[in-house]
Structures are given as C-alpha cells and as structure tokens.
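Order of listing sets the numbers, starting from 1, for every ligand and every atom in it. Any value given below was found using the heavy atoms of this structure, including those in side chains, with hydrogens, waters and symmetry copies removed.
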Amino acid sequence: MDLLQIAKHVADHQKNGQEMDKISLSHPNMNVEHAYEIQKLSMDQAINNGDRLIGWKMGLTSKAKQLSVGVEEAIYGRLTSSMELTEPTLHIGNLIHPRVEPEFAFILNKELKGDQITVRDVWMATECIFPAIEVIDSRYRNFSFTLEDVVADNASSSKFILGNQAFSPYFTSWDKVGVSMARNGETVQSGVGAAVLDHPVKSIVELVKMLDREGFSVKPGMVVLAGGITEAINVYNGDVIEVHYDQLGTLKLYVEL
Ligand code: 0L1
Ligand code: MG
C-alpha cells in the first residue's frame with residue numbers, strides 16, 4: 001500500500017471539494033495506524049503548499065454521533081489556518097455536502113503531551129474557551145465510511161469559526177452549558193456540553209493520549225475543537241444558522257454560494 005500516493009489523492013479531493021470512493025474499498029487492509037499516517041501525509045501536502053497547522057479537532061465524541069455514522073470510537077483530525085473563518089459567512093461553492101455542529105474550542109497556553117495527562121493538567125494549560133461552530137464535509141459519498149476512511153479524510157474537517165468573545169475556563173461548568181441550534185429561525189438541534197465525553201475537558205485529555213501514540217502533542221497557542229455538542233445538520237445556500245450557548249451568547253453563520 002503506497003500511503004503517500006493515497007494521501008495525495010485525498011489531499012486533491014479535499015482541495016477541490018470533490019467526492020471520492022472509500023479508500024477501504026481499494027485498500028481493505030488499511031488499518032487505523034495507516035489511516036492516521038495518510039491523514040498526516042495529506043495534511044502535509046496542504047502545509048507544504050502554504051497552509052499552517054494551528055490545532056486539532058476531536059470527532060465522534062458522543063455516542064449519538066458514533067451511532068449515526070456507524071463508528072464506535074472517537075477520532076482526531078488536524079486544523080489548519082485555511083479552515084478558520086474570520087467572518088460569519090460560509091461559502092459552500094467548493095464544498096460537497098457541508099454540515100455544521102456546535103462545539104467548544106479550547107486554546108492552550110502550554111504544551112500538553114504524554115499518556116499520563118490528567119484533567120487537572122488540561123485546566124492548568126487552558127488559556128480560554130470559545131463557543132465555536134465546526135463545518136464538516138466528508139469527501140465520501142453520503143457521509144458513508146469506515147473508521148479508517150474517516151480518519152484518513154482528516155475526520156471530515158472542513159471549516160470552523162470561533163465566537164468573538166473568549167471565556168475563562170472557570171467561567172462556568174462546561175458540561176452543564178445548554179446549546180440550541182436554529183436553521184432559518186427554527187430550532188433543529190439542542191444538547192448540553194456533557195454530550196462531549198461527559199465533559200469537554202475529557203476530550204482534550206483523550207486527544208493528548210491519542211496524539212502521544214503517534215509522537216505528537218498539543219503546542220502552546222493551538223486551538224482544539226472538543227467535539228460536537230449536538231448532531232450535525234446539513235446546510236444549504238441561503239441558510240442562516242444561529243447557535244445559542246446558555247450564558248455565552250449566540251453565534252451566527254450565513255451560508256452562501
Ligand atoms: O467532527 C466530527 O465529529 C465529525 C467526525 C467525522 C464523522 C462525520 O463526518 O460525521
Ligand atoms: Mg466536530
């Protein structure tokens with residue numbers, strides 16, 4: 001199996017917003033280690049072309065999401081500078097079938113590494129937390145994939161936006177924050193922070209342990225998306241998405257071609 005060749009194929013489809021066949025169909029022997037290597041090599045392609053690694057995301061952190069895509073464990077992906085929206089407009093012309101989901105984004109001010117990491121370590125290293133919206137856009141038809149496929153496709157990462165207001169990690173109990181998401185004025189999803197591995201901070205612990213297996217760490221200044229608080233919803237041209245986070249305010253996203 002030529003992992004670099006597969007990674008170039010994935011990177012091309014990510015760049016051009018084109019659907020692709022599941023890698024597992026042509027490479028049934030691909031395992032999770034291969035898949036994370038493909039993820040790394042494909043994101044290296046983007047980074048060599050001027051993009052920048054700015055953080056990590058955790059995906060499939062709730063049982064509901066795992067069930068909805070038929071995958072039974074949390075995964076991680078890489079966030080790059082080109083994925084961050086600095087204005088609340090999502091242009092979908094170059095995307096395949098974008099979905100959005102509310103998340104919390106942790107900003108770290110110390111390196112986090114190793115397999116002995118604790119919740120306390122994460123709090124000591126958290127500079128602030130932002131309410132955030134993640135846009136996912138699997139490159140596989142109908143969001144249909146195996147665990148290995150979705151890992152190789154950078155955990156479906158596409159775009160994300162942070163709110164304008166950062167919050168102290170001690171501002172609230174993040175597992176208790178209620179979140180509701182409306183599309184064009186109609187509430188379509190609601191959830192609570194505990195949907196993310198019982199508490200979003202646990203997602204950062206899990207990420208650091210998973211990264212340690214591959215020899216990586218979370219560096220100071222990096223952003224980490226902790227995982228979806230509700231199910232993701234499809235978005236279409238003209239939609240206005242509003243996500244209300246109890247006590248933290250509302251994030252809007254305008255969807256345009
Ligand atoms: O961020 C996420 O939880 C998505 C991970 C990949 C699964 C999907 O594309 O729904
Ligand atoms: Mg997500």
Side-chain angles (χ1 to χ4, degrees), residues 10 13-14 17-24 32 35-36 38-39 42-43 54-80 83-85 90 92 95-106 129-163 174 177 179 181 188-189 191-204 206-207 210-211 222-235 241 243 245 251 253:
V10 172
H13 284 259
Q14 288 171 340
Q18 281 173 337
E19 280 186 338
M20 60 186 183
D21 291 331
K22 286 188 266 195
I23 301 165
S24 58
V32 180
Y36 275 115
I38 293 167
Q39 179 189 124
S42 61
M43 296 313 291
I54 59 167
W56 306 91
K57 67 164 274 185
M58 283 292 276
L60 302 180
T61 45
S62 73
K63 276 280 159 245
K65 277 207 84 177
Q66 291 178 7
L67 277 175
S68 77
V69 296
V71 166
E72 288 183 355
E73 52 191 271
I75 58 177
Y76 71 79
R78 288 162 161 81
L79 299 178
T80 63
M83 296 177 187
E84 183 164 10
L85 301 175
L90 173 67
I92 57 171
L95 304 183
I96 302 164
H97 39 203
R99 294 178 175 174
V100 300
E101 56 188 17
E103 305 225 0
F104 293 128
F106 284 60
I129 297 178
F130 286 87
I133 299 176
E134 185 188 15
V135 182
I136 54 174
D137 192 32
S138 173
R139 269 51 64 164
Y140 303 111
R141 268 173 261 291
N142 304 320
F143 270 85
S144 164
F145 41 67
T146 64
L147 170 67
E148 291 80 9
D149 287 317
V150 67
V151 166
D153 183 28
N154 197 26
S156 306
S157 304
S158 176
K159 303 282 177 194
F160 68 95
I161 185 164
L162 306 186
W174 298 90
V177 176
V179 174
M181 178 160 61
V188 285
Q189 284 289 334
V192 67
V196 182
L197 296 180
D198 292 333
H199 194 302
V201 73
K202 291 194 183 167
S203 185
I204 314 302
E206 190 58 27
L207 169 70
M210 290 168 88
L211 289 178
M222 279 187 156
V223 53
V224 178
L225 291 176
I229 299 166
T230 73
E231 285 284 305
I233 58 162
N234 290 93
V235 291
I241 306 300
V243 185
Y245 304 79
L251 256 62
L253 193 62

Paired with Asp153, the side chain to side chain donor-acceptor pair (under 3.5 Å) test is passed by just one of Arg139, His13, Gln39, namely Arg139

Original post:
Judged by atom type as modelled, is there a donor-acceptor pair below 3.5 Å linking the side chain of Tyr245 to the main-chain atoms of Phe130?
Top reply: no

Here the gap from Gln14 atom CD to Leu95 atom CG, rounded to the nearest 0.5 Å, amounts to 12.0 Å

Exercise. Quick one: sort the Tyr76 and Tyr36 rings into parallel, tilted or perpendicular, breaks at 30° and 60°.
Key: parallel

Between Ser138 and Ile96 the two heavy atoms that sit nearest each other are O-CD1, 3.9 Å

Value for CD1 (Ile241) from CG (Leu251), rounded to nearest 0.5 Å, stands at 12.0 Å

Distance-only, no hydrogens or angles: does the Asn234 side chain make a donor-acceptor pair with backbone N or O of Arg99 under 3.5 Å?
-> no

Counting only protein N/O/S atoms, those under 2.8 Å from the Mg ion (ligand 2) total 3

For the pair Lys57 and Glu103, find out whether any cationic side-chain nitrogen is under 4.0 Å from an anionic carboxylate oxygen. no

Protein N/O near ligand 1 N/O, under 3.5 Å, which pairs?
| residue | atom | partner | partner atom | Å |
| --- | --- | --- | --- | --- |
| ligand 1 | 1 (O) | Lys57 | NZ | 2.7 |
| ligand 1 | 1 (O) | Glu101 | OE2 | 2.9 |
| ligand 1 | 1 (O) | Glu134 | OE1 | 3.0 |
| ligand 1 | 3 (O) | Leu60 | N | 2.9 |
| ligand 1 | 3 (O) | Lys65 | NZ | 2.8 |
| ligand 1 | 9 (O) | Ser156 | OG | 2.6 |

Here the pair of heavy atoms bringing Gly193 nearest to Phe104 is CA-CE1, 4.2 Å

